[in-house]
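See structure below.
Position 1 is the first residue of the sequence; numbering continues from there.
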Amino acid sequence: MRTGVGRAAAVRIIALFPGRWSIGFQRYNPGVEAFWSQVATQVVGDTWKTHDGPTPESRPPDTFLTFSTSG
């Protein structure tokens, strides 16, 4: 059961540390992209971006969600 506790915690932590954020995740993890997209949208609206990082040899590639907050 998803209760929103993780999203609320992420939003609160981001609010405590204003500035530039780059959050890495691996898309093969079900739901992770939706989770971080919802967090970013709640924090900064539609001003966030995603991009794929380089593909390492030893694990799946990372995708990065980036945005900036002000204090």
Side-chain angles (χ1 to χ4, degrees):
M1 175 196 305
R2 299 194 187 278
T3 62
V5 172
R7 185 173 47 209
V11 168
R12 189 169 262 200
I13 289 169
I14 291 166
L16 290 172
F17 300 97
R20 295 177 67 187
W21 282 80
S22 180
I23 299 169
F25 59 89
Q26 295 174 335
R27 287 186 171 168
Y28 74 86
N29 181 344
V32 72
E33 187 169 12
F35 172 84
W36 284 115
S37 297
Q38 290 170 359
V39 168
T41 299
Q42 187 171 342
V43 173
V44 297
D46 64 355
T47 62
W48 54 272
K49 297 179 181 180
T50 60
H51 69 276
D52 292 326
T55 303
E57 291 181 25
S58 60
R59 59 180 174 74
D62 289 325
T63 296
F64 293 90
L65 189 144
T66 58
F67 57 87
S68 292
T69 63
S70 58

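Closest of all the heavy-atom pairs between S70 and P18 is C-CB, 3.6 Å. Across all non-hydrogen atoms, the minimal contact from W36 to A10 is CZ3-CB, 4.0 Å. Taking each heavy atom of F17 and T69 in turn, the nearest pair found is O-OG1, 4.2 Å. The two residues F35 and R7 come nearest to each other via the heavy atoms CE1-N, 3.5 Å.
The side-chain heavy atoms of V11 and V39, taken from C-beta on, include a pair separated by under 4.5 Å. Within the 4.5 Å cutoff, no side-chain heavy atoms of S68 are placed close to those of W48.
In this structure a side-chain-to-backbone donor-acceptor pair under 3.5 Å is present from Q26 to P60. Using a distance-only test at 3.5 Å, with no hydrogens or angles considered, no donor-acceptor pair links the side chain of S22 to the main chain of T66.
Hydrophobic clustering, with ILVMFWY side chains joined whenever heavy atoms are under 4.5 angstrom apart, keeps Y28 apart from L65. Hydrophobic clustering of Ile, Leu, Val, Met, Phe, Trp and Tyr side chains at less than 4.5 Å, counting indirect connections, keeps V32 apart from V5. V43 and F64 fall into different hydrophobic clusters, where Ile, Leu, Val, Met, Phe, Trp and Tyr side chains are chained together by heavy-atom contacts under 4.5 Å. A chain of hydrophobic side-chain contacts below 4.5 Å, direct or via other Ile, Leu, Val, Met, Phe, Trp or Tyr residues, connects I14 to L16.
The line from OG1 of T50 to CZ of F67 is 12.5 Å long, rounded to the nearest 0.5 Å. A distance of 4.0 Å separates OG1 in T63 from CG in D52, rounded to the nearest 0.5 Å.
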